[in-house]
Structure formats: C-alpha cells, structure tokens
K.L.:
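Once you've had a glance at the structure underneath, I'll fire off some questions.
Bear in mind that the values here come from a model prediction, so they are computed numbers and not experimental data. Naming: A, B, ... by sequence-line order, numbering from 1 per chain. In what follows, every heavy atom counts, from backbone to side chain, and hydrogens, waters and symmetry copies are set aside.
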Amino acid sequence: MSQVRVRFAPSPTGFFHIGSARTALFNWLYARHTGGTFILRIEDTDNARNSEEFLNVIYDSLRWLGLNWDEGPAVGGCGGGECGPYRQSERAHVYREYLEKLKATGRTYEKDGAIWFKLLGEREEVYDDFRKKTVTKVKTAPMVIDDAIRGRVERVEDEDFVIVRSDGNPVFHFVNVVDDIAMKITHVIRGEDHLSNTSKHVALFEAFGVKPPVFAHIPLILKQNGPGKMSKRDQGALIEEYQKRGYLPEAVVNFITLLGWSPGGDREKLPIEEIVTLFDLPAVNQSNARFDDKKMAHMNMLYLLALPPEQFVARAREYFARNGVDTGAASEAYVAEVLALAQPKIKGVEELPAYTAYFWSETYPTDEKARAKATGKGEPKARLAELIEAVRVMDLGSDAAIEAAIKALAEARGLGFGDYQGVARIALTGLAAGPSITSIVRLLGRERVIARLERFAAGL
RNA sequence: GUCCCCAUCGUCUAGCCCGGUUAGGACACUACCCUUUCACGGUAAGAACCGGGGUUCGAAUCCCCGUGGGGACGCCA
C-alpha cells in the first residue's frame, strides 16, 4: 500500500472559517490516522482577491488548531517538502509544462483568447434557457467518481470548460488537478460543494492518463439560523473569533470533529490522540450538519473545567493581556487565586473580566436588579452593620474560619448564613452571582471589605 | 430549470452495512435534588425514525416513488 498523501488547499480570499477548518481537520486526521502526509497548498491563482493578510490568517488558524502540515509553505516549523513550491502563484512553470502535455494529446483548443479543455463525443448547439445563452453540449459517457464517503457517484460532464484564462492565468479546475498529480495526492478530502466539480477533475485526470485519487466529499456545515451553508458572515463562523474569545483550541477541534463524524456510541469529549486512532473516512456522515454555538460553548466549558489550574490561569492571563483587562496593583499570586476561583464557575474565558471586575478595583458596576432583590427584604442595614463589626475582629486566614465566624454571628441572632451572604455579595461585588462569599471576603481583605460594606450601607 | 448529494428528538448524533432495541447519548428547554449565591454535578420529564408504496412473519434498517433540505451549473476557488 502506497503512502497516503492528502492536501488542504485553501485560497486566501477571506477569513478562515469553520467549514475550512473542518476540511483541514479531516485531512489532517486522515493523514495522522494512516501515518500519511498532510500537505498545505495555497490556491492563490491570480484573481485579484488574494491577500497576504488572509494568507497569514490561514497559517495562524491552522497552527492555533494544532493542524501542523508536513509539506507546504515553510512557516513556524511546518512545511517544506519535495513537491514545492506550495503556492500556486509560484508554480506557473509546472502548469505550463502540464499544459504542453495536454496540448500534445489534442484535448485543448483556443477560443476567445482562452484555452479550453475538449470533451470527447458528439456535439450539438443547445439554447440553455436557465443561463440564457447558446452552449455546446457534448455527448459523453458518465464520469465515475469513487467516493470514500458516498460510494460510487456518476455525473455526466457535457460542456467543454476553460482551463487557462485569456489573461494567461490557469483556472482552478486545471491547477487543482495538475497539483494533485504533481504532488502525488492519493486522497482528495473536501467539501461536498465540490462534488459537482469532480466530474471535470476526473475528466482531466483521465486526459493526463493518470488514475484519479480517491475522493471523499464531506458534508457541509449549515448556518445556525436560516437556510443555506455557513458563510463567513455568520455568527461563530470565523476561527479567528474563537481565538479572540479565548476558546480552547482543543475544544474547538473536538467540537468540529463531531460535526459530521462520531466515534460511535455515547462518547463526545475525547482527546485528539484518540480521535486520530478512531477517525476514518467511511465513518464520516453523508448529511449536512447545522452549527450550534451553545454546544460549542458547552464543549469549551468541559475542556476549561478539565484544565489544570495553572494552565487555566495562564490562558486567562493571556486573555486579559490581549484585551487590556487591568488587574490594578494586584499581585501575581492574588490574580492567580482569583482566576482559579472563577475557573469552575464560568463557561468561557470571555466571561472572566465581568466576573472578576470587583477584585481589581473599587469601582465596579452594580447590577441594580440584583441590588433591589438583595436589599428588598429583611433588614439589610442591620445585617450589614453586624457584619462590619464581625469582620473587624474576624479571623480571615481561611474560608473555613470566615464561614465559622459568619455562622456564629447568624446563630447568635437566630438567623441563617444566607441572611448575610446575600447582602454581603451585592455590597462587595455588585453582582448576584459569583464565587463563594467566604473566598471573596478572604481575598479582598479586612480593609476593603469593611470599606465596601460601609459605603454600601450608607447608600441604603 | 438541469444535474448531483442527503433525510432519526428543536440541534449534533448512536443504531442502518449484516431487518426483531422500552430507538440510546449529548446540547437546549422544564421540574426537582445538592448548595451560602451562581455554576458544576445528580435525578426526572417532554421530545425523533419526512410521507406513500413495496419486499418480508417482521422495516428506522433493504428497494421504488413523492416531498423536503443542501450543493453545483463563472475566463471565482
């Protein structure tokens, strides 16, 4: 059995979206599963839409997701290889060479300054009512596509098509096939939107006298709301966005793996090594999947929860730095402790700034609804006054000590812990929800706690 | 319009290939439990085999038709 060689061939014409990410991922998984080679090829044949910025987004997103390429543009330790260059804009000489080969077989002709690929068969002029023009139809035998996911698919290709534009630039169908031949690609794993193109590609492979690779057309990702496939403009479509929002790449990878593939049974969260072991083409679904941001967020939470605290803190710090979240004069240890406290409570790192604001500064927003609710019943002023007195002499050395002190206070008055917890929380944090009140008191320290309680009581 | 692909809870899916299940899990939603708030966790509930024909003792599973969804029909990729 020859070595598996797969390629991911994006074109840098826009931001890197989730559909591209999954195509890249499935190619990568298949390469890793089979011990094959994962090639990155940049399809930047001149169309005036390519940009260096988008190219970097591709590199950046792939690396963030952990999809390292074995051959391709040399970036950050990835890439290199025998079949370069890997940017189509640098492969003009290859296309010229293959074009000559094709010309020699008599399968090309010129028309309107462009070079066309000639199909074999009887021809007739037909008026196409849909496209409102006369076209030349060719009676050809159906092209057979051997698809690892869909089985045998037949499609009739019945019109010649352009392979080199009148400006001299070769067209996608041509360069795609030429590069797949030149790079010895064995499996073409791509989105189902290419299935209809595949008959063109098979015709080209045959014209070159090359056995076509195994095709594997994976289902599309549909937009969450409304009809159609996910596009770059849809909510949650861009990989960059998850990166910015502090999602864990492992979680994103795990989630998109599950869009169109399943390890079988009840399992969903599984380490990438295991996905690599279990992944195979025939197990890929044939039906399109609708994107679901809630489930994505849930997967992220699962990974966040499982992260060792030091790692969580490191990621959170990085997020803070990137987003200019100011932790004031807080010490490293204090910041780490606050973040670790938040880890099991939040769904995503992006919630952190709002969730922890009161730990960094004396000016933090107050949730007025929560304030009204917390102070609307009982005797908040009295509870606050009692608490202030208690805190003055309280042992703040541990959560347990604080808890014991508040419980003792409550008991002495025939009240419950909750009678103090509620007002204390809104006074100290401005929020209805958060970490345990004992931890908040301990971390804030006596002075700040008393000051905040007094200030809050004065406002009642 | 033509061609191609697809069809299990609202969503992602297991089961389908190799017919016999109380059709399973997860997200979301609801209730309850845990609890010091909020989460997490736990328990429970609701929720699906697109329709119609076949084949068969028996069909989610095999076949056909319909319908629905998606894609392609560029000198874009």
K.L.:
Salt bridge between A:Arg245 and A:Glu351, side-chain N to carboxylate O under 4.0 Å?
P.N.:
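No, no charged N to carboxylate O under 4.0 Å.
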K.L.:
When you check the gap from the basic side-chain N to the acidic O, do A:Glu337 and A:Arg442 get nearer than 4.0 Å?
P.N.:
yes
K.L.:
Quick one about A:Thr136 and A:Glu125 (side-chain donor to acceptor, distance below 3.5 Å, no hydrogens or angles considered), yes or no?
P.N.:
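Checked: A:Glu125/A:Thr136 side chains pair up, N/O donor to acceptor below 3.5 Å.
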K.L.:
What orientation do A:His201 and A:His173 show, parallel under 30°, tilted 30 to 60°, or perpendicular over 60°?
P.N.:
tilted
K.L.:
Output side-chain donor-acceptor pairs under 3.5 Å for residues 410-419 of chain A, partner residues at least two apart or in another chain, one line each.
P.N.:
residue, atom, partner, partner atom, Å
A:Asp419, OD2, A:Gly416, N, 2.8

K.L.:
Examine B:C6: is either OP1 or OP2 under 4.0 Å from a nitrogen or oxygen in the side chain of A:Lys229? Give yes or no.
P.N.:
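So the side-chain polar atoms of A:Lys229 never come under 4.0 Å of the phosphate oxygens OP1 or OP2 of B:C6.
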K.L.:
Go nucleotide by nucleotide along RNA chain B from the 5' end; which of A:Ala283 and A:Phe172 gets its closest nucleotide reached first?
P.N.:
A:Ala283
K.L.:
If you measure from the Lys or Arg side-chain nitrogens to the Asp or Glu carboxylate oxygens, is any gap between A:Lys295 and A:Asp292 under 4.0 Å?
P.N.:
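Not counted as a salt bridge, because no side-chain N and carboxylate O are separated by less than 4.0 Å.
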K.L.:
Scan residues 250-261 of chain A against RNA chain B and write down, sorted by residue number, each residue with any heavy atom closer than 4.0 Å; if none is found, say none.
P.N.:
A:Leu258, A:Leu259, A:Gly260
K.L.:
Looking only at atom C1', what distance separates B:A60 and B:C17, rounded to whole Å?
P.N.:
14 Å
K.L.:
Looking for any heavy atom pair under 4.0 Å, which part of the strands does A:Gly113 touch: base, sugar-phosphate only, or nothing?
P.N.:
nothing
K.L.:
Could A:Glu71 and A:Arg41 be called an ion pair, given the rule that one side-chain N must be under 4.0 Å from one carboxylate O?
P.N.:
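The answer is no: the pair does not qualify as a salt bridge.
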K.L.:
Distance check needed: B:G70 P versus A:Ile218 CD1, whole Å only.
P.N.:
19 Å
K.L.:
I'd like the C1' distance from B:G25 over to B:A47, given in whole Å.
P.N.:
14 Å
K.L.:
Please collect all ring pair (Phe, Tyr, Trp, His ring centres under 6.0 Å) contacts where either partner lies in residues 279-302 of chain A, sequence neighbours excluded, each pair once.
P.N.:
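Output for this query lists A:Phe26-A:Phe279, A:Phe255-A:Phe291, A:Trp261-A:Phe279.
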K.L.:
Classify the nucleic acid contact of A:Asn197 as base, sugar-phosphate or nothing, counting any heavy atom under 4.0 Å across all strands shown.
P.N.:
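Counting heavy atoms under 4.0 Å across all strands, the contact made by A:Asn197 includes a base.
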K.L.:
Under 3.5 Å, is there an N or O donor on one side and an acceptor on the other linking the side chain of A:Ser166 and the base of B:C75?
P.N.:
yes
K.L.:
I'd like the C1' distance from B:U61 over to B:U56, given in whole Å.
P.N.:
13 Å
K.L.:
Does anything in residues 138-151 of chain A form a salt bridge (Lys or Arg N to Asp or Glu O under 4.0 Å)? List the pairs, not counting sequence neighbours.
P.N.:
A:Glu124-A:Lys139, A:Arg150-A:Glu192
K.L.:
Whole angstrom is fine here: how far is it from CG in A:Asn288 over to C1' in B:C12?
P.N.:
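Rounded to whole Å, this separation is 13 Å.
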K.L.:
For A:Asn225 and B:C12, give me the distance from atom CG to atom C1', rounded to whole Å.
P.N.:
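Distance, rounded to whole Å: 15 Å.
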K.L.:
Could you let me know what B:A31 is paired to, Watson-Crick or G-U wobble, both distances under 3.5 Å, or none if it's on its own?
P.N.:
B:U43
K.L.:
Send over the distance from A:Asp293 CG to B:C12 P, rounded to a whole Å.
P.N.:
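Distance, rounded to whole Å: 13 Å.
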K.L.:
Mind checking if A:His217 touches a base, just sugar-phosphate, or nothing, with heavy atoms under 4.0 Å?
P.N.:
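No contact.
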K.L.:
Searching all strands shown, indicate the nucleotide that pairs with B:C50 (Watson-Crick or G-U wobble; both distances under 3.5 Å).
P.N.:
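B:G66 is the nucleotide pairing with B:C50.
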K.L.:
Taking the nucleotide of RNA chain B with the nearest heavy atom to each, does A:Ser287 or A:Asp112 sit closer to the 5' end?
P.N.:
A:Ser287
K.L.:
Give none if B:C3 has no partner; otherwise give the nucleotide forming a Watson-Crick or G-U wobble pair with it, both distances under 3.5 Å.
P.N.:
B:G71
K.L.:
How are the rings of A:Tyr98 and A:Phe208 set relative to one another: parallel (under 30°), tilted (30 to 60°) or perpendicular (over 60°)?
P.N.:
perpendicular
K.L.:
Tell me whether the guanidinium CZ or amine NZ of A:Lys133 lies under 6.0 angstrom from the six-membered ring centre of A:Tyr127 and within 45° of its axis.
P.N.:
no
K.L.:
Remember a base hit wins even if backbone is also touched, and classify A:Asn169 as base, sugar-phosphate or nothing at under 4.0 Å, heavy atoms.
P.N.:
nothing
K.L.:
How many Å lie between CD1 on A:Ile163 and P on B:G74, as a whole number?
P.N.:
17 Å
K.L.:
Using the C1' atom in both, what is the distance from B:A45 to B:U22, to the nearest Å?
P.N.:
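One C1' to the other, the span is 16 Å.
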K.L.:
Nearest-Å distance, CE (A:Met230) to P (B:G70)?
P.N.:
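Roughly 15 Å, once rounded to whole Å.
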K.L.:
Once you apply the 3.5 Å cut-off to both distances, tell me the Watson-Crick or G-U wobble partner of B:U36, or none.
P.N.:
none
K.L.:
Run through A:Val284, A:Ile218, A:Ile149 and flag the one making a side-chain contact (heavy atoms from CB on, under 4.5 Å) with A:Ile189.
P.N.:
A:Ile218
K.L.:
If you measure from CD on A:Glu403 to OG on A:Ser439, what distance do you get to the nearest 0.5 Å?
P.N.:
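These two atoms lie 10.0 Å from each other.
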K.L.:
Starting from P on B:C73, measure out to NE2 on A:His201 and report it in whole angstrom.
P.N.:
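From A:His201 NE2 to B:C73 P: 11 Å.
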K.L.:
Any base atoms under 4.0 Å from A:Glu192, or only sugar-phosphate, or nothing? Heavy atoms, all strands.
P.N.:
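Touches a base.
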K.L.:
Hey, what's the ring geometry for A:Phe16 with A:Phe8, parallel, tilted or perpendicular (30° and 60° as the breaks)?
P.N.:
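Ring orientation, 0 to 90° scale: perpendicular.
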K.L.:
Counting primed atoms plus P, OP1 and OP2 as sugar-phosphate and everything else as base, spell out the protein contacts along nucleotides 26-47 of chain B at 4.0 Å heavy-atom distance: B, S or - for each nucleotide, 5' to 3'.
P.N.:
BSS-------BBBBS-------
K.L.:
In residues 114-149 of chain A, what residues come within less than 4.0 Å of RNA chain B, judged by heavy atoms?
P.N.:
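Only A:Ala114, A:Phe130, A:Arg131 qualify.
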K.L.:
In whole Å, measure the gap between the C1' atoms of B:C9 and B:G15 for me.
P.N.:
14 Å
K.L.:
Paired with B:A26 by Watson-Crick or G-U wobble geometry, both distances under 3.5 Å: which nucleotide is it?
P.N.:
B:U11
K.L.:
Any strand counts, and the cut-off is 3.5 Å on both contacts for Watson-Crick or G-U wobble. Which nucleotide pairs with B:U21?
P.N.:
none
K.L.:
Round to a whole Å and report the spacing from CZ of A:Phe161 to P of B:A77.
P.N.:
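Roughly 13 Å, once rounded to whole Å.
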